Colleague: 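Shown below is the structure under consideration.
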Protein chains: 4
Amino acid sequence: MAQLLEAAASVFCSTGYTAASTNAIAREAGVSPGTLYQFFPNKEAIAIELSERLMLEMRETYGEALAPVDPATPLEVAVAAAVDRFIDFNCRHPVVYTLMHGPDVPGRIAEQHDALHTALVARIEALLTPLLPGTPAADITRTAHVCMAMYKAGLELVLSREGAEREAYIQELKNILHRYLEPLVGDCPPTGP
Amino acid sequence: MAQLLEAAASVFCSTGYTAASTNAIAREAGVSPGTLYQFFPNKEAIAIELSERLMLEMRETYGEALAPVDPATPLEVAVAAAVDRFIDFNCRHPVVYTLMHGPDVPGRIAEQHDALHTALVARIEALLTPLLPGTPAADITRTAHVCMAMYKAGLELVLSREGAEREAYIQELKNILHRYLEPLVGDCPPTGP
Amino acid sequence: MAQLLEAAASVFCSTGYTAASTNAIAREAGVSPGTLYQFFPNKEAIAIELSERLMLEMRETYGEALAPVDPATPLEVAVAAAVDRFIDFNCRHPVVYTLMHGPDVPGRIAEQHDALHTALVARIEALLTPLLPGTPAADITRTAHVCMAMYKAGLELVLSREGAEREAYIQELKNILHRYLEPLVGDCPPTGP
Amino acid sequence: MAQLLEAAASVFCSTGYTAASTNAIAREAGVSPGTLYQFFPNKEAIAIELSERLMLEMRETYGEALAPVDPATPLEVAVAAAVDRFIDFNCRHPVVYTLMHGPDVPGRIAEQHDALHTALVARIEALLTPLLPGTPAADITRTAHVCMAMYKAGLELVLSREGAEREAYIQELKNILHRYLEPLVGDCPPTGP
DNA sequence: GATGAATGAGGATTCATTCAT
DNA sequence: TATGAATGAATCCTCATTCAT
């Protein structure tokens, strides 16, 4: 079963979710297709289970909060730390990108991505809330969605580069998020006296 | 043939490129599969032709330059104008999003997307160059890629919302790009004496 | 039209008759499929017409008789001459091999091959008849079929070799036919006074 | 699976290899197309497996040597025996002819035929070697190829006739091979004291 | 006469899924 | 529990042939 999930991760990574076939996953896992269907009712269930395990691992690794919510932390540092952690996690689990990879058709959110995506948005929301006191919840949600979208877009750039160029893109990603958020939190600077 | 391209656009939009089948496109166009293959050797060729037509239309609609390069234009206004135009174009041609939609597997750039994507990056690069004098070409290219990625990510958010919420996301997209670019052009303010 | 036949010969040679498509022939000829069908009702008709033209050319080149029926000619020389002429003709018109190439299914003689094949058998029969006086017609026919079959088999070997090896196979082909026929004509030696 | 191979043999026989469709084979076997592809990756693999089974059966039936290599056996008898056995085998397995059937295009040996054809040539070579002592290997190989070609050509004639006519053609085939080989082995007559 | 778009059944092959063993 | 053969509709694509222009 862990075998199956690993195989699924591997196949998802190399072919993408849509093009991944259950037979290929079973083969990669060294089991028969029938066995796969004894654990998962369909391909999507595999993606969902995989997502859940990844989220669990993320929570275990980084704790409930993504970043230290120490209000004294400068935003720039907080953002950089969050990005570094996310990037690190994604590099160790490249399938995350594949699973989060937006739907082919905007608006029709693919279910399998939803779990991971929604959870991450929620985490970002939780992270943002103390930074944006007095901001309507709807605005915070929107901001979280935007951050998530930017992060995913940046991640794609990062993953398809290597070495110094990758580092440069990571820095850009930090810049984007920092500059985007700064004016929002600027009114109540976290670097108070 | 225009019939076929329209049908393809429609099918790409509703199912995504990967899941779109040539038979479905032919059916949507009201012709037989054979007919489709008299015009296009395969699915990718359809996407490429579609991309080319869209790029052509874009050039015809907005001219060679995406935005007025009047150096006196405040960055915020320039960015807002560019985003509005892009968004408008994408809303009139929703297939653009599908065609630009990143690869399932990062790094392995799908050929059919390349044309459109690369062309757009080039346009952004051309737009940025006068704004960032003295910046190394490699940095400008990177910045253009980042802008493009942000735009695509924002577009997805925008397209999956409607009404006021969509407007709000459009504004966020403008904010992101403006705030991201502002420090870069800040050293040589376009609002000179 | 000659254009079409040339194109057909070329396509038949490079893909074989079965795999040759009328569209490919039309393309090779630089005309549209429709044009092809204005001259030929179907693929087979092309093969038939091609066969007929080849037979005509053969008759024009070598006269009604394949070989000099001078009874004084030693069999070995006559056979060698006939083989050389056939081989020469087949090398100048490689499509002959393709057209003669036996049916995929023995017994169900493909119609298009029939013309050429039957004509050649008839020529061989005519050639043999004076050499085998007193032999029942059925036997002569059978012998002609055998010669034809041997020739075709030898031709395949010859055509798939080059240089010295090809020459060696040509010699073997002559040997086969000569040794096969010698005992049959031996009783009434053509070299009689 | 045996079911599939039998069906394939049947379809190959009635339509020829090129024209045989995997769907037709599946239908003939009474299974769905998908089932066929669980055992064979493609049409050629079926032909190859079929060839291998036939070669195995041939070896099991006739032993490693095709004919008794008793040097005292007159060539005529040895050839007749070999032909009879081959013919018998081919009549019991008509698909052999189809599988051996030369390529549509000379020189481009079809892979699927190769196995069977090459194996048979090797057997003939083994058979000839003791009969032709002192002959260069290259010549023996060539002679084996010629014998094989003659046999295939004769087989086609035989298979497309029935009854007495078939018997007559079998006799002719024996004659051809015997007369072709006799001068070669004549120098060291196997009928020694 | 020539065109070339149109056909549509058929080609090989794949795939998510089921089920008897 | 695990297997792996079986499914059959769906995939992309081809082809001989037709027919309006």
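The shown structure was predicted, so the numbers you read here are calculated from the model rather than taken from an experiment.
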Colleague: Give a yes/no on whether any side-chain N or O of A:Thr22 is located under 4.0 angstrom from OP1 or OP2 of E:dC15.
Modeller: no
Colleague: Can you give me the closest heavy-atom contact between D:Met100 and D:Lys152, atom names plus distance?
Modeller: O-NZ, 3.0 Å
Colleague: Please work out if A:Ala20 contacts a base, only the sugar-phosphate, or nothing of the nucleic acid, heavy-atom cut-off 4.0 Å.
Modeller: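 Result for A:Ala20 = sugar-phosphate.
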Colleague: Using every non-hydrogen atom in the two residues, find where C:Cys13 and C:Pro94 come nearest and quote the distance to one decimal.
Modeller: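 That closest heavy-atom pairing would be SG-C, 3.7 Å.
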Colleague: Check this for me: A:Glu57, atom CD, are more than 12 non-hydrogen atoms of other residues, nucleotides or ligands nearer than 6.0 Å?
Modeller: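 Yes, because the 6.0 Å sphere around CD of A:Glu57 holds more than 12 heavy atoms from other groups.
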Colleague: Determine which nucleotide pairs with F:dA6, using a 3.5 Å limit on both distances of a Watson-Crick or G-U wobble pair.
Modeller: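 Base partner found: E:dT17.
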Colleague: Can you check the B:Tyr37 OH to E:dG10 C1' distance for me, whole Å?
Modeller: 14 Å
Colleague: When you measure from the side chain of A:Ser160 to the backbone of A:Glu156, do you find a donor-acceptor pair of N or O atoms at a distance under 3.5 Å?
Modeller: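 Side chain of A:Ser160 to backbone of A:Glu156, a donor-acceptor pair under 3.5 Å: yes, one is there.
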Colleague: Please identify which of these residues, A:Leu5, A:Leu4, A:Leu54, meets the side chain to side chain contact (heavy atoms under 4.5 Å, CB included) condition with A:Glu49.
Modeller: A:Leu5
Colleague: Measure from NZ or CZ of D:Lys43 to the centre of the six-membered ring of D:Tyr17 and say whether it is under 6.0 Å with the direction within 45° of the ring axis.
Modeller: yes
Colleague: To the nearest Å, give me how far apart CG (D:Asn23) and C1' (E:dT14) are.
Modeller: 12 Å
Colleague: Between atom CD in D:Gln38 and atom C1' in E:dA12, what is the gap in whole Å?
Modeller: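 To the nearest whole Å, that distance equals 16 Å.
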Colleague: Give the minimum heavy-atom separation between B:Ala20 and B:Val11, together with the two atoms involved.
Modeller: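 Heavy atoms only, the tightest pair is CB-CG1, 3.7 Å.
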Colleague: Need two values: the first and the last nucleotide of DNA chain F, 5' to 3', having an atom under 4.0 Å from any heavy-atom of chain D.
Modeller: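 It runs F:dA5 to F:dG8.
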Colleague: Does anything in residues 26-36 of chain B come within less than 4.0 Å of DNA chain E? Heavy atoms only, and list the residues if so.
Modeller: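 By residue number: B:Val31, B:Ser32, B:Gly34, B:Thr35.
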Colleague: Closest approach of D:Leu99 and D:Ser51, non-hydrogen atoms and distance?
Modeller: CD1-OG, 3.7 Å
Colleague: Give, for atom CG of A:Leu36 and atom CD of A:Gln38, the distance between the pair rounded to the nearest 0.5 Å.
Modeller: 10.0 Å
Colleague: Could you check C:Phe39 against D:Pro41 and say which one's nearest nucleotide on DNA chain E is further toward the 5' end?
Modeller: C:Phe39
Colleague: Distance check needed: E:dT13 C1' versus D:Glu44 CD, whole Å only.
Modeller: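 After rounding, the gap between these two atoms is 15 Å.
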Colleague: What is the separation between atom NZ on D:Lys43 and atom C1' on E:dG10, rounded to the nearest whole Å?
Modeller: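 One finds 13 Å between C1' of E:dG10 and NZ of D:Lys43, rounded.
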